[in-house]
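Hydrogens, waters and symmetry mates are skipped; everything else that's a heavy atom, side chains included, is used.
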Amino acid sequence: MIRLERVNKYFGSLHALKDVSLNVAKGEVVSVVGPSGSGKSTMLRCMNHLETMDSGTMYFDETPVVSPRKSGARRADDEKAIEMLRTKVGMVFQSFNLFAHLSVLDNITVAPVHVRGVSISEATHDAHALLDKVGLQAKAHAYPHQLSGGQQQRVAIARALAMRPQVMLFDEVTSALDPELVGEVLRVMRTLANEGMTMVVVTHEMGFAREVSDRIVLMADGRIVEEGSPAAFFESPQQPRTQDFLRSLRERNRQLGGAVSP
């Protein structure tokens with residue numbers, strides 16, 4: 001579904017992504033883990049073209065969306081291809097980004113109506129079905145300020161799903177939540193994974209990554225260091241950087257008295 005080939009991204013003198021290549025197959029759940037500042041979120045934002053790659057190529061369903069360099073100069077990206085990409089790739093962020101002046105129902109229906117051209121009645125029907133999926137049907141006419149953080153994040157997931165994406169990107173969606181609210185968001189994500197949704201998840205929730213992922217990718221210093229099945233990643237990591245990362249997780253788990261499980 002998504003393929004990155006030798007992607008590089010700079011922010012001034014900071015080389016944020018260094019020759020990153022990654023394939024994500026249809027129906028696959030890929031969790032991306034690693035220390036802060038390793039390039040995880042930047043890679044995810046490049047997948048949805050919220051950040052422009054400085055070099056490299058991205059393919060969606062084997063169709064190139066972002067053009068490679070030609071003769072040393074970057075060719076302009078195809079805006080129509082990028083718009084099409086964003087209708088097929090949903091993204092949920094750490095911050096909820098809901099429209100404060102709109103009800104939950106209106107937050108979910110506004111994009112399908114105005115971007116996809118769906119009728120209001122169809123969008124409303126779909127929105128109620130999505131609210132059932134995320135367990136918030138009773139909050140259809142509430143406003144964001146009347147919801148908990150976990151409820152707002154579930155609305156954000158429903159809003160992304162309303163565009164009927166083929167791929168969902170999750171960028172540390174539980175990081176801003178109180179610990180007691182994390183579980184309700186992860187339950188929705190588990191449901192999507194069980195239904196076969198293609199997902200790329202940047203997360204610090206190691207238990208979730210181990211349970212739900214088909215593959216785990218470790219990033220460090222702007223590079224993909226190691227990737228493999230959850231069993232291989234956690235039980236027999238090959239790279240010293242991965243071994244150090246898991247060792248630090250176990251130490252943190254010990255200090256927290258078992259509250260975090262890698």
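- Smallest separation of non-hydrogen atoms from Val113 and Ser119: CG2-O, 4.3 Å.
- Grouping the Ile, Leu, Val, Met, Phe, Trp and Tyr side chains by contacts below 4.5 angstrom, directly or via other members, places Val32 with Met58.
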- Does the pair Phe96 and Leu177 meet the rule for a side chain to side chain contact (heavy atoms under 4.5 Å, CB included), with working shown? CA-CA 10 Å; Phe96 318 125; Leu177 301 179; 3.8 Å; yes
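- Between Phe245 and Val225 the shortest side-chain heavy-atom distance does not fall below 4.5 Å.
- Judged purely by atom type and a 3.5 angstrom limit, Ser95 has no side-chain atom pairing as donor or acceptor with the backbone of Asn97.
- In plain terms, the two heavy atoms of Pro64 and Thr57 that are nearest each other are CB-CG2, 4.4 Å.
- Under the side chain to side chain contact (heavy atoms under 4.5 Å, CB included) criterion, Phe99 pairs with His101, Leu102, Asn107, Val110, Arg159, not counting sequence neighbours.
- Rounded to the nearest 0.5 Å, atoms CZ (Phe170) and CD (Glu205) are 13.5 Å apart.
- Leu22 and Val201 fall into different hydrophobic clusters, where Ile, Leu, Val, Met, Phe, Trp and Tyr side chains are chained together by heavy-atom contacts under 4.5 Å.
- Counting non-hydrogen atoms of neighbouring residues, nucleotides and ligands closer than 6.0 angstrom, the CG atom of Asp221 reaches no more than 12 such neighbours.
- Between Gln243 and Pro237, the closest heavy-atom pair is NE2-O, 3.2 Å.
- Under the 4.0 Å criterion applied to side-chain N and carboxylate O atoms, Glu5 and Arg3 are assigned as salt-bridge partners.
- Side-chain heavy atoms closer than 4.5 Å link hydrophobic residues (I, L, V, M, F, W, Y) into clusters, and following such links, even through other members, never connects Val29 to Ile2.
- For residues 225-239, the pairs satisfying salt bridge (Lys or Arg N to Asp or Glu O under 4.0 Å) are Arg210-Glu235, Arg215-Glu227, with sequence neighbours left out.
- Each of Leu44 and Val185 belongs to its own hydrophobic cluster when Ile, Leu, Val, Met, Phe, Trp and Tyr are linked at side-chain heavy-atom distances under 4.5 angstrom.
- Counting only distance, with no hydrogens or angles, the side chain of Thr198 and the backbone of Gly27 share a donor-acceptor pair below 3.5 Å.
- Between Ser213 and Ile216, some side-chain heavy-atom pair lies under the 4.5 Å cut-off.
- Under a 3.5 Å cut-off, the side chain of Glu28 and the backbone N or O of Ala25 do form a donor-acceptor pair.
- A distance of 8.5 Å separates NZ in Lys9 from OG1 in Thr42, rounded to the nearest 0.5 Å.
- Scanning all heavy atoms of the two residues, the minimum distance from Ala100 to Tyr143 falls at O-CD2, 3.8 Å.
- Contacts of Asp171 classified as salt bridge (charged side-chain N to carboxylate O under 4.0 Å, His left out), with partners at least two apart in sequence or in another chain: none.
- Using modelled atom types, no side-chain atom of Asn8 and backbone atom of Ser55 make a donor-acceptor pair closer than 3.5 Å.
- Counting only residues at least two apart or in different chains, salt bridge (Lys or Arg N to Asp or Glu O under 4.0 Å) contacts with residues 173-188 comprise Arg154-Glu184.
- Asn48 meets the side chain to side chain contact (heavy atoms under 4.5 Å, CB included) test with Leu50, Arg86, Val89, Met91, Leu169; sequence neighbours excluded.
- The salt bridge (charged side-chain N to carboxylate O under 4.0 Å, His left out) test applied to Lys139 returns no partner, not counting sequence neighbours.
- A heavy-atom distance below 4.5 Å is not found between the side chains of Phe233 and Val217.
- Note that the NE2 atom of His49 and the CG atom of Leu85 stand 8.5 Å from one another [nearest 0.5 Å].
- In this structure, the side chain to side chain contact (heavy atoms under 4.5 Å, CB included) partners of Pro112, at least two apart in sequence or on a different chain, are Arg116, Val118, Ala123, Ala162, Met163.
- Separating the OG1 atom in Thr174 from the CG atom in Leu186 is a distance of 5.5 Å, to the nearest 0.5 Å.
- Cluster membership check: Met199 does not share its hydrophobic cluster with Val202, using side-chain heavy-atom separations under 4.5 Å among Ile, Leu, Val, Met, Phe, Trp and Tyr.
- Looking at Ile120 and Thr109, their side chains never come closer than 4.5 Å, going by heavy atoms from C-beta outward.
- In this structure, the ring pair (Phe, Tyr, Trp, His ring centres under 6.0 Å) partners of His15, at least two apart in sequence or on a different chain, are Tyr10.
- Among Val7, Leu4, Val65, the single residue meeting the side chain to side chain contact (heavy atoms under 4.5 Å, CB included) criterion with Met47 is Leu4.
- For Ser13, there are no side chain to side chain donor-acceptor pair (under 3.5 Å) partners two or more places apart in sequence or in a different chain.
- No side-chain heavy atom of Leu161 sits less than 4.5 Å from a side-chain heavy atom of Arg164.
- Looking at every heavy atom in both residues, Leu181 comes nearest to Gly150 through CD1-N, 3.6 Å.
- Rounding to the nearest 0.5 angstrom, the gap separating the CG atom in Leu98 from the OG atom in Ser103 is 11.0 Å.
- The shortest side-chain heavy-atom distance between Leu218 and Ile224 does not fall under the 4.5 Å cut-off.
- Scanning for side chain to side chain donor-acceptor pair (under 3.5 Å) contacts around Asp61 gives an empty result, with sequence neighbours left out.
- Here Arg223 pairs with Lys18 under the side chain to side chain contact (heavy atoms under 4.5 Å, CB included) rule; sequence neighbours left out.
- Rounded to the nearest 0.5 angstrom, Gln153 CD and Ser175 OG are separated by 9.5 Å.
- Using a 4.0 Å cut-off between charged nitrogen and carboxylate oxygen, Arg247 and Asp244 count as a salt-bridge pair.
- Using a 4.5 Å heavy-atom cutoff, the side chains of Leu136 and Val104 are not in contact.
- Residues Val167 and Phe60 have side chains in contact (heavy-atom distance under 4.5 Å, counting atoms from C-beta outward).
- Legend: residues meeting side chain to side chain donor-acceptor pair (under 3.5 Å) with Glu211, ordered by chain and number and at least two apart, are Arg190.
- Nearest heavy-atom pair across Leu17 and Cys46 is CD1-SG, 4.0 Å.
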